[in-house]
Amino acid sequence: KITVVDYEAGNLRSVQTALDHLGAHYEVTSEPDAVRSAEKVVFPGVGDGAHAMKVLRERALDSAIREVVADGRPVLGICVGCQVAFDSTEEWNATCLGIVPGTVRRFASDVGKIPHMGWNGVTHRENHWLFAGIPRDASFYFVHSFYPSPSDETDAIAWSDYGGSFVAAIEHGSLVATQFHPEKSGEHGLQLLRNFLEAS
């Protein structure tokens, strides 16, 4: 059972369209008990990380997501769903879920136009299962002003460049998460979603 978390910060329509294209069986829910009973969780998000955390706490979804990861069930975070997995974010200095040690940092003002928006090359860790069948120079679609900065460099599994290298995807325990939007990234994004859905 694939459960997609709805917490008023998700780009749900595009995620659903991608999952439908892949023939996935899923449910969209804002109920914490439904998340707790999920076999796999897709945790999307766009917008403000601080507001996302406020809604997650109000709905008790924060503890539900932590429990799923602690139990070792697969979770895929996307964009803000990646960012709020960390200890904190520089966006309004908010405290986040604390699943992944580290913080989420704002791009420096001199890197170029912020938000960073559009297609960008992503170099992934060689032979990583999430990127199986995807070239190491593939491009993915980004829309963000902040990027993940894990305390442990081994949590990083992919990198991109915008005024300097930054982490574009992470893995920590049963959680994998991307700063980019696979559901908006064409065939390579669909392949990444397929890899997550089919992983045992």
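Looking only at side-chain heavy atoms (C-beta outward), V46 and H181 come within less than 4.5 Å of each other. Residues V41 and V5 form a side-chain contact, since some pair of their non-hydrogen atoms from C-beta on lies under 4.5 Å apart. Residues T29 and V4 fail the side-chain proximity criterion, which asks for heavy atoms closer than 4.5 Å. Within the 4.5 Å cutoff, side-chain heavy atoms of Q179 are placed close to those of P148. Residues E126 and R136 are in side-chain contact: their nearest non-hydrogen atoms beyond the backbone lie under 4.5 Å apart. The closest side-chain heavy-atom distance from L197 to I2 is below 4.5 Å.
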Worked check of side-chain contact (heavy atoms from CB on, under 4.5 Å) between T95 and D87: CA-CA 6 Å; T95 300; D87 290 325; over 6 Å; no
Side chain to side chain donor-acceptor pair (under 3.5 Å) evaluation trace for S88 with T103: CA-CA 5 Å; S88 62; T103 192; 2.9 Å; yes
Verdict with reasoning, E171 to W129, per side chain to side chain donor-acceptor pair (under 3.5 Å): CA-CA 11 Å; E171 179 178 36; W129 64 268; 3.2 Å; yes
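Listed by first and then second residue, the salt bridge (Lys or Arg N to Asp or Glu O under 4.0 Å) pairs involving residues 103-121 are E90-R105 (not counting sequence neighbours). Among residues at least two apart or in separate chains, there is no salt bridge (Lys or Arg N to Asp or Glu O under 4.0 Å) pair with a member in residues 177-189. Within the structure, salt bridge (Lys or Arg N to Asp or Glu O under 4.0 Å) pairs that include any residue of residues 49-64 comprise E8-R59, K54-E58, D62-R66 (at least two apart or interchain). The salt bridge (Lys or Arg N to Asp or Glu O under 4.0 Å) contacts involving residues 14-35 comprise K1-E27, D33-R36, where partners must be two or more places apart or lie in separate chains.
Judged as a salt bridge (charged side-chain N to carboxylate O under 4.0 Å, His left out), and not counting sequence neighbours, D137 has no contacts. Among residues two or more places apart in sequence or in another chain, the side chain to side chain donor-acceptor pair (under 3.5 Å) test is passed with D152 by T154. With sequence neighbours excluded, the residues satisfying side chain to side chain donor-acceptor pair (under 3.5 Å) with D48 are W92. Every residue was checked against the side chain to side chain donor-acceptor pair (under 3.5 Å) condition with H51, not counting sequence neighbours, and none meets it. Applying the salt bridge (charged side-chain N to carboxylate O under 4.0 Å, His left out) rule to D155 yields no partners; only residues at least two apart in sequence or on another chain are considered. The side chain to side chain donor-acceptor pair (under 3.5 Å) check on N127 picks up nothing, with sequence neighbours excluded. Residues forming a ring-ring contact (aromatic ring centres under 6.0 Å, His included) with F142 (at least two apart in sequence, or on another chain): H116, H144, F166, F180. Taking Y26 as the reference, nothing meets the ring-ring contact (aromatic ring centres under 6.0 Å, His included) condition, with sequence neighbours excluded.
Both V55 and V68 sit in one connected hydrophobic cluster of ILVMFWY residues. Membership requires side-chain heavy atoms under 4.5 Å apart, directly or through other members. In terms of hydrophobic clustering, with Ile, Leu, Val, Met, Phe, Trp and Tyr side chains grouped at heavy-atom distances under 4.5 Å, W119 and L193 are assigned to different clusters. L22 is connected to L76 through a chain of hydrophobic side-chain contacts under 4.5 Å among Ile, Leu, Val, Met, Phe, Trp and Tyr, so both are in one cluster. Y141 and I134 fall into different hydrophobic clusters, where Ile, Leu, Val, Met, Phe, Trp and Tyr are joined by side-chain heavy atoms under 4.5 Å apart, directly or via other members. In the hydrophobic clustering of this structure, L192 does not group with V143; members are Ile, Leu, Val, Met, Phe, Trp, Tyr whose side-chain heavy atoms approach within less than 4.5 Å, directly or through other members.
The shortest heavy-atom contact between G112 and Y162 is C-OH, 3.6 Å. Contact detail for P44 and V15: the closest heavy-atom pair is CB-CG2, 3.9 Å. Minimum heavy-atom separation, I114 to S145: CG2-OG, 3.3 Å. Minimum heavy-atom separation, R73 to S37: NH1-C, 3.8 Å. Closest approach of Y7 to G45, counting heavy atoms only: OH-CA, 3.5 Å. Contact between P150 and V167 at its shortest, heavy atoms only, is CD-CG2, 3.9 Å.
How far OG of S149 is from CD1 of I170: 11.5 Å, rounded to the nearest 0.5 Å. Taken to the nearest 0.5 Å, the SG atom of C96 stands 9.0 Å off from the CD atom of E91. Interatomic distance, Q191 CD to F196 CZ, rounded to the nearest 0.5 Å: 14.5 Å. Atoms CD1 and CD, from I65 and E67 in turn, are 10.5 Å apart once rounded to the nearest 0.5 Å. To the nearest 0.5 Å, atoms NE2 (H124) and OG1 (T178) are separated by 13.5 Å. Within the model, atoms NE2 of H128 and CD1 of I157 stand 4.0 Å from one another, a figure rounded to the nearest 0.5 Å.
Side-chain atoms of R13 and Q16 form no donor-acceptor pair, as typed in the model, at a separation below 3.5 Å.
The aromatic ring centres of F107 and F146 sit 6.0 Å or more apart.
With S185 contributing its side chain and F140 its backbone, the two residues share no donor-acceptor pair below 3.5 Å. Counting only distance, with no hydrogens or angles, the side chain of S160 and the backbone of G121 share a donor-acceptor pair below 3.5 Å.
If you run side-chain contact (heavy atoms from CB on, under 4.5 Å) between F43 and each of V69, L56, T3, V35, only L56 comes through.
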